[in-house]
Amino acid sequence: MTDSPLSIAVMVSGHGRGSNLGALIEGVQSGELNAKIVLVIGTRADAPALLRAQEAGIHTTVVSPRKYEGDAQGYGDTLLRLLTKYEVELICLAGFMLRLPPHVVETYRNRIMNIHPALLPEFGGQGMFGGNVHTAVLESGAKQSGCTVHFVDENYDTGPVILQHIVPILEGDTPQTLAARVLTEEHCAYVEAVTLFAERRIQVEEESVRILPPTEINSGELL
Ligand code: GAR
């Protein structure tokens with residue numbers, strides 16, 4: 001007996017390139033991920049990520065936070081209506097740079113994931129995205145960087161960490177070369193984290209994540 005596919009919504013913002021969304025789409029298409037991406041929500045219609053989703057036959061919609069400036073309740077209500085309509089079980093932020101309204105976080109507590117291109121809790125927080133992160137990492141003299149998949153809470157980049165992939169910093173690295181190496185790891189890390197969620201192997205206890213071992217059913221053996 002297999003579990004029914006996990007129902008996922010992916011959220012992107014701005015001109016989101018959508019490579020992490022692409023990795024999740026491929027994870028689903030290859031069968032690695034027992035999931036279905038039922039909806040991609042963008043903040044503007046011209047984001048390449050939305051085109052990518054449409055090409056894969058996935059429903060897309062735009063909810064512009066600008067339209068709800070100063071009305072977090074209204075913005076969140078609209079998101080929740082969509083998430084309910086599409087029966088979303090897990091929200092994946094993929095290049096989504098904004099804070100979600102608190103009532104969305106509360107409704108989906110430990111069911112919203114984000115990917116961040118550094119080893120949190122270092123190099124996170126407001127304004128820490130894209131090239132800013134990699135520049136700060138290199139300027140700090142760190143010997144390694146990487147990416148983090150974590151659950152989303154009410155603040156920027158502070159929720160419980162699910163997993164991290166480490167990437168060494170090499171002599172002569174620039175923010176661009178480091179970003180490219182980290183991005184490759186992001187794609188594997190995100191699929192891995194969502195797979196663990198789909199297999200119900202992530203437990204959150206007092207803000208800490210525990211990864212449970214595969215069960216006999218998950219490893220395909222008979223009970
Ligand atoms: C990724 O590097 C992701 O880690 C980062 O945005 C990029 C989106 O790329 N997110 C953050 O910095 C969040 N603070 P993508 O559109 O190709 O997936």
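Counting starts at 1 for both ligands and their atoms, following the listed order.
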Student: Where the closest heavy atom to atom 11 (C) of ligand 1 is concerned, which of Gly124, Ala49, Pro117 has it?
Tutor: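 Of the listed residues, Pro117 has the closest heavy atom.
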Student: Please work out which of the three classes, parallel, tilted or perpendicular, describes the rings of Tyr75 and Tyr68, given edges at 30° and 60°.
Tutor: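 Taking Tyr75 first and then Tyr68, their aromatic rings sit tilted (interplane angle of 30° to 60°).
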Student: Students should be able to answer this: which protein heavy-atom is nearest to atom 13 (C) of ligand 1, and at what distance?
Tutor: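 The answer is Met97 SD, 3.7 Å.
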Student: In ligand 1, which numbered atoms sit nearer than 4.0 Å to a non-hydrogen atom of Gly18?
Tutor: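 Numbered from 1, ligand 1 contributes 15 (P), 16 (O), 17 (O).
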Student: Quick one about Ser7 and Tyr86 (side-chain donor to acceptor, distance below 3.5 Å, no hydrogens or angles considered), yes or no?
Tutor: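 No.
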Student: Any atoms of ligand 1 less than 4.0 Å from a non-hydrogen atom of Ser19? List them with their elements.
Tutor: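 This gives 15 (P), 16 (O), 17 (O), 18 (O) as the contact atoms.
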Student: Could Glu154 and Arg99 be called an ion pair, given the rule that one side-chain N must be under 4.0 Å from one carboxylate O?
Tutor: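 Arg99 and Glu154: not salt-bridged.
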Student: Does the side chain of His134 come under 3.5 Å of the side chain of Asp173 through a donor N or O and an acceptor N or O?
Tutor: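 No.
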Student: Donor-acceptor check, side chain of Asp71 to backbone of Gly74, threshold 3.5 angstrom: yes or no?
Tutor: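 Present.
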Student: Hey, are Glu106 and Arg109 close enough for a salt bridge, meaning a charged N less than 4.0 Å from a carboxylate O?
Tutor: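 Salt bridge between Glu106 and Arg109, a charged N being under 4.0 Å from a carboxylate O: yes.
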Student: Residue-level breakdown please: for Met128 versus ligand 1, do any non-hydrogen atoms fall below 4.0 Å on the side chain, on the backbone, on both, or on neither?
Tutor: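 Backbone only.
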Student: Ignoring hydrogens and angles, state whether a donor on the side chain of Thr60 or Gln54 is under 3.5 Å from an acceptor on the partner side chain.
Tutor: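 Yes, because at least one side-chain N or O of Thr60 sits under 3.5 Å from a partner of the opposite role on Gln54.
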Student: What protein heavy atom sits nearest atom 10 (N) of ligand 1, and how far off is it?
Tutor: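 Residue, atom and distance for the closest contact: Ile115 O, 3.6 Å.
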Student: What's the shortest distance from atom 9 (O) of ligand 1 to any protein heavy atom, and which residue and atom give it?
Tutor: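 Answer for atom 9 (O) of ligand 1: Arg17 NH2, 3.0 Å.
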Student: Which of the numbered atoms in ligand 1 are under 4.0 angstrom from any heavy atom belonging to Glu186?
Tutor: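 That gives atoms 1 (C), 2 (O), 3 (C), 4 (O) of ligand 1.
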Student: Is the closest basic N to carboxylate O distance between Arg181 and Glu186 below 4.0 Å?
Tutor: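 Salt bridge between Arg181 and Glu186, a charged N being under 4.0 Å from a carboxylate O: no.
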Student: Going by the order shown, which atoms of ligand 1 are within less than 4.0 Å of some heavy atom of Gly95?
Tutor: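 Those qualifying, in numeric order: 6 (O), 8 (C).
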Student: Give the atom numbers and elements of ligand 1 that come within less than 4.0 Å of a heavy atom of His116.
Tutor: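 Those qualifying, in numeric order: 4 (O), 13 (C), 14 (N).
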Student: Which of the atoms in ligand 1, numbered in the order shown and given with their element, are less than 4.0 Å from a heavy-atom of Phe129?
Tutor: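 Those of ligand 1 that fall under 4.0 Å from Phe129 are 12 (O).
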